[in-house]
Amino acid sequence: MPREQQWETYFDPAAILRTLGLSATCRDVVEFGCGYGTFTIPAARIVSGTVYALDIDGEMVDRTAERCQESELTNVRAIRCDFLQNPLPTTSADYAMLFNILHAEQPEQLLECARCALGPGGRLGIMHWRYDSTTPRGPSMAIRPKPEQCQHWAASVGFVAASEIVELPPYHYGFVVHKSLTE
């Protein structure tokens, strides 16, 4: 990860969250890979419930918790965990975030974790670096997923498309899928 100040220049978190359907009607949210809390803070200001900010890196979890305390946000639980190995803190979230993480070795397993965290009809926002080698960051092109690949993975674990792929300036794309109402 680059330094926090540099990382923050790559996104307009509040605009991205709005574009990907996060709203005050969402109660609980699970964020997979919270990093510095870049999306945690604005998400906590939007939702009516709790944001579960998960990361395997203890320093990232500590920084997210510190930023929440500085912002006087009391609706965030920053949790250090390997969400591929441990039980999730909720199985009834309204919304989940997989942002800049689907280049990992097991993208379908990540998507399955998100599906398990969501209640019936829950939505998943997916964002990733554009498939463009000129972006200032992001995984190598050899492992960077194209939007259609992310859609395919999401469908393969049972998600249903809820939006078209959209550009998320300056360097990302994203879309929303949802869990069936009958699950």
Side-chain angles (χ1 to χ4, degrees), residues 7-35 38-49 51-54 83 88 90 92-183:
W7 183 250
E8 301 281 327
T9 67
Y10 299 142
F11 314 98
D12 181 346
I16 288 170
L17 291 169
R18 279 191 306 274
T19 300
L20 295 180
L22 188 66
S23 71
T25 62
C26 293
R27 183 152 166 72
D28 293 341
V29 172
V30 179
E31 179 182 21
F32 293 89
C34 64
T38 304
F39 291 90
T40 311
I41 304 299
R45 290 182 175 136
I46 294 170
V47 302
S48 61
V51 176
Y52 297 93
L54 312 178
F83 37 82
L88 296 174
T90 183
S92 62
D94 295 319
Y95 193 90
M97 296 184 270
L98 285 176
F99 292 177
N100 296 323
I101 197 169
L102 287 180
H103 59 278
E105 289 182 22
Q106 301 169 322
E108 285 113 333
Q109 191 174 357
L110 285 169
L111 287 154
E112 182 62 30
C113 284
R115 197 177 67 71
C116 288
L118 292 167
R123 291 175 292 144
L124 170 64
I126 295 174
M127 179 184 77
H128 215 292
W129 294 92
R130 288 190 323 246
Y131 193 78
D132 176 352
S133 62
T134 65
T135 58
R137 288 286 305 165
S140 75
M141 297 308 291
I143 62 169
R144 190 180 303 200
K146 294 179 180 177
E148 299 79 15
Q149 183 64 57
C150 291
Q151 285 179 316
H152 173 76
W153 290 329
S156 76
V157 300
F159 280 108
V160 178
S163 78
E164 298 294 320
I165 297 167
V166 294
E167 290 294 317
L168 301 170
Y171 306 112
H172 294 82
Y173 65 85
F175 59 95
V176 179
V177 294
H178 69 88
K179 185 174 177 175
S180 166
L181 287 170
T182 60
E183 283 188 66

Inset, instruction - Output yes when a side-chain donor or acceptor of R144 lies under 3.5 Å from a complementary backbone atom of Y131, and no otherwise. - result: no
Inset, instruction - Work out which heavy atom in V176 is nearest to a heavy atom in S163; give both atom names and the distance. - result: N-OG, 2.8 Å
Legend entry - side-chain hydrogen bond (donor to acceptor under 3.5 Å, both in side chains) involving E112 - partner list, sequence neighbours excluded: R115
Legend entry - Worked verdict on L168 versus F11 for side-chain contact (heavy atoms from CB on, under 4.5 Å): CA-CA 8 Å; L168 301 170; F11 314 98; over 6 Å; no
Inset, instruction - With Y10 as reference, evaluate F99, F39, W129 under the ring-ring contact (aromatic ring centres under 6.0 Å, His included) test and give the passing residue. - result: W129
Legend entry - Distance in Å, L98 CG paired with L124 CG, rounded so as to fall on 0.5 Å steps: 5.0 Å
Inset, instruction - Applying side-chain contact (heavy atoms from CB on, under 4.5 Å), run through M97 and L20 and close with a yes or a no. - result: CA-CA 9 Å; M97 296 184 270; L20 295 180; over 6 Å; no
Inset, instruction - Mind checking the CE-CG spacing from M127 to L17? Nearest 0.5 Å is all I need. - result: 8.5 Å
Inset, instruction - Give the C-alpha distance, both sets of side-chain angles, the deciding distance and a yes or no for side-chain contact (heavy atoms from CB on, under 4.5 Å) between H172 and N100. - result: CA-CA 9 Å; H172 294 82; N100 296 323; 3.1 Å; yes
Inset, instruction - State which residues pass side-chain contact (heavy atoms from CB on, under 4.5 Å) with A154; sequence neighbours excluded, sorted by chain then number. - result: L111, I126, F159, V177
Inset, instruction - Please report the closest heavy-atom contact between C34 and A53, naming both atoms and the distance. - result: CB-CB, 3.7 Å
Inset, instruction - Might you point out which heavy atoms bring V30 and A117 nearest each other, and give the distance in Å? - result: CG2-CB, 4.0 Å
Legend entry - Qualifying residues under side-chain contact (heavy atoms from CB on, under 4.5 Å), relative to A15, sequence neighbours excluded: D12, R18
Inset, instruction - Search all heavy atoms of G121 against all heavy atoms of H178 and return the closest pair with its distance. - result: O-CB, 4.1 Å
Inset, instruction - Say whether, by atom type as modelled, one donor and one acceptor occur between the side chain of D94 and the main chain of R27 under 3.5 angstrom. - result: yes
Legend entry - Spatial distance of atom CD (E148) from atom CD1 (I165) [nearest 0.5 Å]: 4.5 Å
Legend entry - Polar side-chain atom of T135 near backbone of Y171 as donor-acceptor pair, under 3.5 Å: no
Legend entry - Spacing of CG belonging to L102 relative to CD belonging to E108, to within rounding of 0.5 Å: 9.5 Å
Inset, instruction - Over all heavy atoms of both residues, which pair between F32 and A96 is shortest? Give the atoms and the distance, please. - result: CE1-CB, 4.1 Å
Inset, instruction - For residues H128 and Y173, determine if any side-chain heavy atom of one lies less than 4.5 Å from a side-chain heavy atom of the other. - result: yes
Inset, instruction - Using side-chain hydrogen bond (donor to acceptor under 3.5 Å, both in side chains) as the criterion, list what pairs up with R130, not counting sequence neighbours. - result: D132
Inset, instruction - Could you walk me through whether Y95 and V47 pass side-chain contact (heavy atoms from CB on, under 4.5 Å), step by step? - result: CA-CA 10 Å; Y95 193 90; V47 302; over 6 Å; no
Legend entry - Point-to-point distance, once rounded to the nearest 0.5 Å, from CD1 of I41 to CD1 of I46: 12.0 Å
Legend entry - E8: side-chain hydrogen bond (donor to acceptor under 3.5 Å, both in side chains) partners, not counting sequence neighbours: T38, R67
Legend entry - Heavy-atom pair of closest approach, residues C26 and R123: SG-NH2, 3.2 Å
Legend entry - All side-chain hydrogen bond (donor to acceptor under 3.5 Å, both in side chains) counterparts of S140, not counting sequence neighbours: none
